[in-house]
Amino acid sequence: MSAFYRFLLILISRALVMVGLMPLAAFAKAGVAYLLGDDTPKLNGRLSLDFRKHMDRQGMLTTLILGFGWSKEMNYDVSNLKHMKRDITLISLAAPLTYFVSYILIYNLSGALYGLAPDSILLASLFRILRGAAYTGLCFGVIALLPLPPLDGFQIFYQFSWPKFRRWYFSRYKQIMKWSQYILYGIFLLAIITDGEISVIGWLADLWRWAVLDRLVFFHVNFMEIPYKIIKIVFGNNFFYLE
């Protein structure tokens with residue numbers, strides 16, 4: 001029963017990512033593009049917090065089942081941008097930064113709420129849901145910054161790349177896109193097969209947490225104050241959420 005309850009909490013946290021964090025990140029990206037002079041995302045209905053405007057069906061399914069997924073690709077017209085290199089960089093940073101800021105806010109909120117009553121199963125469950133969603137969002141932000149096309153990280157890298165690289169990229173565009181997908185699938189598959197023991201995304205997310213994000217989290221939970229019953233039912237052997 002406890003294992004089923006924890007699995008249910010995981011599904012709820014993933015659903016929260018799907019209907020909350022992913023649309024928020026897409027909205028931020030569309031908003032930055034609009035503020036910089038391109039109304040293409042707005043015309044395509046992407047300047048919205050409605051998750052139905054952003055979600056891809058397959059990406060939605062994998063988000064719920066596997067904990068990672070994707071939304072619809074967002075198109076913007078670079079000809080509408082006044083300072084192409086700067087503006088594309090800002091647009092590409094919008095979604096990852098939204099995930100990072102959301103991580104900080106949700107971690108502080110969840111810690112503050114649970115600190116009010118550490119012996120409450122309801123608050124402990126809410127705590128795990130929120131922190132699970134925040135960490136998944138952090139991983140999404142890390143994925144977005146990978147220098148692999150068509151991810152945002154590659155768009156930033158491309159803006160500052162040298163001309164020879166750009167010519168090489170366009171001459172082998174289809175091959176590069178295919179191998180980029182293979183690399184991403186390999187990263188995800190390796191994490192699934194090893195049950196997270198070998199996870200490039202997890203390592204990068206933990207690096208971001210250690211270097212920057214956790215320094216801005218001020219509400220922590222004292223493990224010694226949590227009753228054993230709640231640990232068994234809500235947290236099990238996974239104490240990550242107590243950090």
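As the structure is a prediction and not an experimental result, all values here were calculated from the model. We're numbering straight along the sequence, starting at 1. Values reported hereafter were calculated over all heavy atoms of this structure, with side chains retained and with hydrogens, waters and symmetry mates removed.
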Distance, nearest 0.5 Å, that separates CG of Asp206 from CD1 of Ile201: 11.5 Å
Would you give the length of the straight line joining atom CG of Leu109 to atom CZ of Phe127, rounded to the nearest 0.5 angstrom? 11.0 Å
Return the set of residues passing side chain to side chain contact (heavy atoms under 4.5 Å, CB included) with Ala33 (not counting sequence neighbours), or none when no residue passes. Pro41, Ile91
Apply side-chain hydrogen bond (donor to acceptor under 3.5 Å, both in side chains) to the pair Ser13 and Tyr135, showing each step before the final yes or no. CA-CA 10 Å; Ser13 71; Tyr135 185 77; over 6 Å; no
Drop me the distance from Ile12's CD1 to Arg128's CZ, to the nearest 0.5 angstrom. 11.5 Å
Ion pair check, Asp56 and Lys72, cut-off under 4.0 Å: no
Which atom pair, heavy atoms only, marks the closest approach of Gly67 to Thr136? O-CG2, 3.5 Å
Taking the side chain as C-beta and beyond, is there a heavy-atom pair between Tyr5 and Ser125 under 4.5 Å? yes
Are Leu21 and Ile106 close enough that some pair of their side-chain heavy atoms sits under 4.5 Å apart? yes
Ignoring hydrogens and angles, tell me if any N or O in the side chain of Arg14 forms a donor-acceptor pair with the backbone of Ile65 under 3.5 Å. yes
Modelled atom types, side-chain donor and acceptor of Arg209 and Tyr103, under 3.5 Å: yes
Going only through I, L, V, M, F, W and Y residues with side-chain contacts under 4.5 Å, is there a path from Ile187 to Leu145? yes
Is there a side-chain contact between Pro118 and Val221 in this structure, where contact means two heavy atoms from C-beta onward sitting under 4.5 Å apart? no
Start with the C-alpha gap between Leu47 and Phe27, add the side-chain angles, then the distance that decides, and say whether side chain to side chain contact (heavy atoms under 4.5 Å, CB included) holds. CA-CA 5 Å; Leu47 196 62; Phe27 172 79; 4.0 Å; yes
Apart from Phe157 itself, what residues make up its hydrophobic cluster when side-chain heavy atoms of I, L, V, M, F, W and Y under 4.5 Å apart count as a link, directly or indirectly? Phe154, Tyr158, Trp162, Phe165, Trp168, Tyr169, Phe170, Tyr173, Ile176, Met177
Could you tell me whether the side chain of Ser180 and the main chain of Pro149 form a donor-acceptor pair under 3.5 Å? yes
Straight-line distance of Leu146 CG to Ile183 CD1, nearest 0.5 Å: 10.0 Å
Would Ser110 and Phe219 count as a side chain to side chain contact (heavy atoms under 4.5 Å, CB included) if you check the C-alpha gap in whole Å, the side-chain angles of each, and the deciding distance to 0.1 Å? CA-CA 8 Å; Ser110 61; Phe219 294 92; over 6 Å; no
Counterpart residues, side chain to side chain contact (heavy atoms under 4.5 Å, CB included), relative to Gln175 (two or more places apart): Arg172
Worked check of side chain to side chain contact (heavy atoms under 4.5 Å, CB included) between Ile226 and Val234: CA-CA 11 Å; Ile226 303 176; Val234 179; over 6 Å; no
Expected output: side-chain Asn44 to main-chain Arg46 donor-acceptor under 3.5 Å: no
So does Phe160 have more than 12 non-hydrogen atoms from other groups sitting under 6.0 Å from CZ? yes
Apply side chain to side chain contact (heavy atoms under 4.5 Å, CB included) to Ile88 and Tyr76, showing your working. CA-CA 9 Å; Ile88 291 178; Tyr76 53 91; 3.7 Å; yes
Between Arg131 and Tyr107, is NZ or CZ placed under 6.0 angstrom from the six-membered ring centre and within 45° of the ring axis? yes
Taking only residues at least two apart or on different chains, which pairs with a member in residues 177-208 satisfy ring pair (Phe, Tyr, Trp, His ring centres under 6.0 Å)? Phe68-Phe188, Phe100-Trp208, Trp179-Tyr182
Not counting sequence neighbours, list each pair that qualifies as a side-chain hydrogen bond (donor to acceptor under 3.5 Å, both in side chains) and has a residue in residues 20-32. Lys29-Asp152
What are the two closest non-hydrogen atoms of Ser48 and Gly45, and how far apart are they? CB-O, 3.7 Å
Cluster overlap Leu8 with Ile129, hydrophobic side-chain contacts below 4.5 Å: yes
Under 3.5 Å: donor-acceptor pair, side chain of Asp87, backbone of His83: yes
Does the side chain of Asp38 come under 3.5 Å of the side chain of Thr40 through a donor N or O and an acceptor N or O? yes
Is the shortest side-chain heavy-atom distance between Met22 and Thr63 below 4.5 Å? yes
Shared ILVMFWY cluster between Met74 and Leu97, side chains joined below 4.5 angstrom? no
Thr89 OG1 to Ile156 CD1 distance, which is reported to the nearest 0.5 Å: 6.0 Å
Grouping I, L, V, M, F, W and Y whenever their side-chain heavy atoms are under 4.5 Å apart, do Leu64 and Leu130 come out in a common cluster? yes
Set of residues satisfying side chain to side chain contact (heavy atoms under 4.5 Å, CB included) with respect to Phe51, sequence neighbours excluded: Val19, Pro23, Met55, Met60
Separation between CZ of Arg6 and CZ of Phe235, rounded to the nearest 0.5 Å: 10.5 Å
